[in-house]
Structure formats: C-alpha cells, structure tokens
Student: 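Shown below is the structure under consideration.
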There are 2 protein chains.
Amino acid sequence: MPPTTSHNAPDSVPTRRELNKAATRQAITDSALGLLRIQGPGNFTVEDIADAAGISRRTFFNYFASTEAALAAVTFGFLDTALRQFRLRPAGEPILESARAALVELADPMTVAPMAELYSLGKTNPQLSRSELEAWDHCTEQIIDAARERFAPATDTGAAAVVGVDELYLRALAGSIISCGKAALDVWFARCGGDLSPESLAALRQLLIDSMTLLGSGFAGTASPSTPFPDRH
Amino acid sequence: MPPTTSHNAPDSVPTRRELNKAATRQAITDSALGLLRIQGPGNFTVEDIADAAGISRRTFFNYFASTEAALAAVTFGFLDTALRQFRLRPAGEPILESARAALVELADPMTVAPMAELYSLGKTNPQLSRSELEAWDHCTEQIIDAARERFAPATDTGAAAVVGVDELYLRALAGSIISCGKAALDVWFARCGGDLSPESLAALRQLLIDSMTLLGSGFAGTASPSTPFPDRH
DNA sequence: GTGCATCTTTGCACTGTGAGCAAGTTTCTG
DNA sequence: CAGAAACTTGCTCACAGTGCAAAGATGCAC
C-alpha cells in the first residue's frame with residue numbers, strides 16, 4: 001500500500017483527479033444547499049442540483065445516492081470534525097472528558113454554521129431528518145470504534161477487540177454521548193434558532209458542557225433543582 | 001373525553017370500517033414481513049406486497065409511504081409497547097427506574113420476536129436501518145413528552161411546559177435511555193443472534209438492567225474494571 | 001329498505017428516483 | 001506518444017410516490 005495514505009490521500013499528492021472529484025463533490029453539496037435555501041426542502045430535483053453544479057444527472061448519482069445524501073454530507077463533515085477532535089485527546093483521559101472537549105471545539109462559527117442552517121431547514125422535512133439521523137448513527141459507530149481502541153490498544157490479533165472490553169459499556173456510553181450532544185443542539189436551536197453570534201455560541205458551548213456533566217453524574221438530582229437553566233449575560 | 005380511549009377509540013365501538021382498515025393494515029405488514037423473509041431485503045416491490053395482501057398498489061400507498069414504512073410499523077409497535085409500560089409507572093418513581101422497569105417488560109417472546117426478526121433481517125439493508133432509526137427517534141420524542149408530563153403535572157396553560165423544567169435534562173436523559181436500550185439490544189443480537197430461548201431472553205433482560213445501571217452511575221469506573229460482564233451462571 | 005353523506009378502494013396518468021450499460025472524455029503511467 | 005485506468009455522460013428501464021376522478025363499501029336517518 002502507498003505509505004502516506006490511511007484510506008485516501010488528500011495530504012501528500014493531491015493528484016488532479018482527486019482535486020477534480022473533490023471540486024465536483026463540493027459543487028454538488030454547494031448547489032444542493034443553495035437550492036435548499038432558495039426553493040425550500042422538497043421543492044427541487046436531482047436534475048436541478050446537477051444543472052446548478054454543471055454536471056449531468058447521471059454524474060450526480062456517481063457521487064450521492066439521493067438529494068438527502070448530498071445534504072447529509074454537510075452533517076457528516078460536522079461530525080467528522082468532532083470525531084477528529086475526539087481522537088486527538090490523550091488516551092488516558094476519561095472518555096466523557098474527551099467527549100466534552102471534542103464537542104466544545106465544535107462550537108465555533110465556521111464549523112457550526114452549515115450544520116445549523118441545514119438543521120433548521122431540515123426541521124420541516126422528514127426525508128432530511130432521516131438522513132441526519134443516519135449521520136448521527138454513523139458517528140456513534142465511529143465513537144464506539146475510537147473508544148474501543150483506547151481500551152484494547154495494541155491487540156494485533158483483533159480477536160479480543162471484537163468483544164474484548166465490555167461491549168455494552170462502549171455502546172451505551174457512545175450512544176449516550178451522542179444523544180446528549182444532540183440534546184444540547186436541540187435545546188440550543190429551540191432557544192437561539194441557529195443564531196451564530198458569540199453569545200449564542202457561548203450558550204451552545206455551555207449546553208454541551210452541561211449535558212456531559214449530566215451524563216457524568218448519572219442524571220442525579222431530578223430536573224431543574226433550582227436553576228432551570230443558567231442565566232447567560 | 002370518552003373514558004376508555006386515549007387518542008383513538010378501538011375499544012368501545014370497533015365499527016366495521018375500523019375493523020377493515022385494521023385488517024388491511026395487518027395484511028400489509030404481514031405480507032411485507034413474509035416477503036422480507038423469503039426474498040430478502042430489497043428484492044421485492046410495493047406491487048409484490050400489494051398482490052400478496054390482496055389489495056391494489058394504490059391502496060398500499062394509502063396506508064404506508066414506502067415498503068420500509070410498512071416494515072417499520074413492526075418496530076413502532078414494539079416501541080409503543082415500551083412507552084405504554086413507561087407511562088404506567090408511578091409518577092414519583094425516578095425516571096431511570098421507570099425506564100428500567102419498562103424495558104425489562106419488553107423482554108418476552110411475543111413482544112421481542114417480530115422486532116428481533118426485523119432487526120436481523122434489516123442489519124444488511126441500509127434503507128431498513130434508516131426506518132428503524134426513525135422509529136427509535138420517534139420513541140425518544142415520546143419519552144421526552146412523557147417525562148415532561150411528570151415534572152410539569154397539572155399546568156393548564158401549557159406555556160410553562162414548553163420550556164418549563166430543564167429541557168436539556170429531559171432530552172439528554174430520554175436520548176440516553178433510548179441509546180442504552182439500543183446498546184443492550186445490539187449487544188444481545190451480537191451475542192445471541194436473536195435467539196428467543198428463555199436463557200437468551202434472561203440475558204437480554206440483564207443487559208437492559210445493566211445498561212440502565214451504567215447510565216445511572218454516570219458510567220463510573222472505566223470499562224470492565226474486573227468483570228467484563230456479570231457472570232450469569 | 002331507501003336514499004344520501006361519507007369514507008375507502010382502485011385504475012390511470014404523470015413526474016421523479018436510482019441503477020446498468022456502453023460509448024466518449026480526461027488523467028495517469030511508462 | 002500509446003495504452004491503461006478513471007471519470008463523465010446519455011440512453012434506457014423498472015420502480016416509487018402522488019393527484020385525480022370514478023366506482024364501491026359503509027354508516028346514518030328517515
């Protein structure tokens with residue numbers, strides 16, 4: 001195998017083909033998002049996207065299986081960023097702490113903006129929501145993998161890794177982390193409606209931290225003991 | 001409101017029309033599941049289902065929007081059972097305890113069998129998985145509602161209920177509960193492959209309990225401190 | 001039971017999706 | 001430059017999903 005690549009090589013030799021593909025891919029998602037903005041969800045076809053992106057309908061399907069898949073790529077990007085952050089954390093750190101740190105990193109405008117837009121636009125469209133769910137689920141699986149690697153670091157055989165550490169622990173924890181992250185986003189959207197001002201993002205960050213704290217405390221103390229939610233400003 | 005009914009009245013006067021509709025609906029899901037068994041996922045069309053159910057293609061779409069939706073009805077039924085159990089729990093009880101109790105109730109053959117079958121058959125098919133995800137998400141929303149009612153019991157205005165108790169707490173908790181339940185199911189399938197024997201179901205019950213315990217403890221103590229998973233002799 | 005209102009099924013037509021295939025075009029490699 | 005490999009595109013086809021209007025079933029009142 002080529003030395004520098006893990007699964008694709010955008011680093012060392014961004015060959016022409018790869019650049020073209022990346023550009024096309026980008027053009028597609030951009031066009032899709034643009035149409036979503038202008039026409040609203042469900043009011044445009046694959047052909048419209050293809051035209052806007054300057055490619056044929058058939059080529060669109062070489063990249064994505066559906067309009068929703070094209071749009072979900074945005075969410076995937078968002079969650080991949082989160083995962084990258086997570087994997088960067090020191091291995092000794094408690095998982096919840098790593099998750100907290102990774103999530104907080106996300107609350108910056110560049111990362112959150114496309115996600116936020118898609119989220120609010122997709123609120124009304126069931127097709128879109130389904131793709132979003134899929135993206136989150138995919139992310140959960142990857143967190144499970146990442147967490148599993150922490151506990152079974154250098155297992156060459158891989159046999160032990162399959163059910164080595166308590167699989168229930170891994171899956172339950174990873175799922176809960178994602179759920180709490182999603183909960184924080186939901187509440188944020190409900191309160192701030194995708195506003196990207198610094199104060200709003202600070203609120204998001206706080207919500208993410210709070211949700212991880214709740215998880216870490218086992219949801220002790222019933223809801224809203226005294227502070228319904230922290231007063232910001 | 002009528003005394004015996006919650007949202008539709010199948011109890012008191014099961015009129016002919018309702019019976020017919022219910023029968024048709026059942027025939028559709030049965031046929032769909034049958035075809036899924038025989039032909040495998042993705043290898044049959046809506047027309048096939050309609051033929052098997054003795055109705056027209058058009059009528060199928062009067063009941064379900066897609067093959068997946070018809071199959072997801074099974075999962076919906078499963079999760080509705082869970083929700084019903086949850087709502088039956090005393091209001092004073094801690095939510096996690098209610099969830100644990102409700103989930104354990106599910107681990108009986110009649111309830112779990114169709115779900116288990118669909119789960120294993122759907123493992124390979126992305127379309128199906130998406131519908132399943134949707135069903136779980138729907139269930140999460142309903143748990144949130146149910147939990148919210150507990151904390152804001154007799155609010156006539158309903159205004160406070162919208163963001164009354166800490167919405168983050170509710171959503172994070174409900175999402176985590178569902179995630180943990182799903183994790184338990186995942187592990188169970190991985191270990192027992194949908195086996196419905198009493199021992200297997202006992203294992204499922206234990207996994208559900210364990211996952212709720214993990215959640216309640218805030219996932220304290222890293223994975224598999226000494227007991228990878230409790231030995232059930 | 002007759003008649004009427006209402007709900008349900010069905011056939012038909014039409015747009016859009018998604019994939020296979022084979023011929024073109026671009027990029028890579030020696 | 002020549003051949004291989006990858007990518008694009010147009011064509012075609014089966015199938016999904018929906019609107020519409022006619023036909024059938026059911027419920028209700030008289």
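Letters A, B, ... mirror the listed sequences (proteins, then strands); counts begin at 1.
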Student: Run the side chain to side chain donor-acceptor pair (under 3.5 Å) test on B/Asn62 and B/Arg58 for me, step by step, so that the C-alpha distance in whole Å, both residues' side-chain angles and the decisive distance to 0.1 Å come before the verdict.
Tutor: CA-CA 7 Å; B/Asn62 287 344; B/Arg58 191 61 186 78; 3.2 Å; yes
Student: With respect to the phosphate group of C/dT8, does any side-chain polar atom (N or O) of B/Asn20 fall under 4.0 Å of OP1 or OP2?
Tutor: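 For C/dT8, neither OP1 nor OP2 has a side-chain N or O of B/Asn20 closer than 4.0 Å.
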Student: Any idea which of C/dT27, C/dG18, D/dT9 is nearest the A/Thr59 side chain?
Tutor: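 Closest nucleotide to the A/Thr59 side chain: D/dT9.
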Student: B/Phe60 or A/Phe61: which one's nearest nucleotide on DNA chain C is closer to the 5' end?
Tutor: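 Taking each residue's closest nucleotide, the earlier one in sequence belongs to B/Phe60.
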Student: Between B/Phe76 and B/His138, how do the two ring planes meet: parallel, tilted or perpendicular, split at 30° and 60°?
Tutor: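 Geometry flag for B/His138 against B/Phe76: tilted rings.
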Student: Of the nucleotides D/dG27, D/dG10, C/dG18, which has the atom closest to the A/Ser66 side chain?
Tutor: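 Ranking D/dG27, D/dG10, C/dG18 by closest atom to the A/Ser66 side chain puts C/dG18 first.
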Student: Using whole Å, what does the distance between atom C1' of nucleotide C/dC12 and atom CG of B/Asn62 come to?
Tutor: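 So the two atoms are 14 Å apart, to the nearest Å.
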Student: Using a strict heavy-atom distance below 4.0 Å, which residues from residues 26-48 of chain B are in contact with DNA chain D?
Tutor: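 B/Thr45, B/Val46, in order of number.
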Student: Consider the side chain of B/Lys21, meaning its heavy atoms from C-beta on, and name the nucleotide among D/dT12, C/dT8, C/dT10 that approaches it most closely.
Tutor: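 The listed nucleotide nearest to B/Lys21's side chain is C/dT8.
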Student: Quick check for you: among D/dG10, D/dT8, D/dT26, whose closest atom lies nearest to any side-chain atom of A/Tyr63?
Tutor: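 That would be D/dT8.
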Student: Would you confirm whether B/Ser179, through its side chain, and B/Gly175, through its main-chain N or O, come within 3.5 Å as a donor-acceptor pair?
Tutor: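 Yes, the answer is positive, given that a donor and an acceptor are paired below the 3.5 Å cut-off.
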Student: If the threshold is 4.0 Å, N to carboxylate O, is there a salt bridge linking B/Arg171 and B/Glu141?
Tutor: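 Here B/Arg171 pairs with B/Glu141 in a salt bridge, since their nearest N and O are under 4.0 Å apart.
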Student: Are B/Thr15 and D/dT26 close enough that a side-chain N or O sits under 4.0 Å from OP1 or OP2?
Tutor: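 Indeed not, no polar side-chain atom of B/Thr15 lies that close.
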Student: Is there a donor and acceptor pair, one atom on the side chain of A/Arg58 and one on the base of C/dG20, closer than 3.5 Å?
Tutor: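 Donor-acceptor pair under 3.5 Å: yes.
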Student: Out of the candidates B/Asp108, B/Val112, B/Asp195, only one should pair with B/Leu201 under the side chain to side chain contact (heavy atoms under 4.5 Å, CB included) rule; please name it.
Tutor: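 Exactly one option meets the side chain to side chain contact (heavy atoms under 4.5 Å, CB included) with B/Leu201, and it is B/Val112.
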Student: Quick one: on DNA chain D, does A/Gln127 or A/Ile55 contact a more 5' nucleotide (nearest heavy atom)?
Tutor: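 The answer here is A/Ile55.
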Student: Looking at D/dA6, C/dT8, C/dT9, which one has an atom nearest to any side-chain atom of B/Thr24?
Tutor: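 My answer, after comparing the listed nucleotides, is C/dT9.
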Student: Classify the side chain of A/Arg57 and the base of C/dG16 as holding, or not holding, a donor-acceptor pair under 3.5 Å.
Tutor: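 Side chain to base: no pair below 3.5 Å.
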Student: With a 3.5 Å cut-off and just heavy-atom distances, do the side chain of B/Arg17 and the base of D/dT26 make a donor-acceptor pair?
Tutor: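 Pair found.
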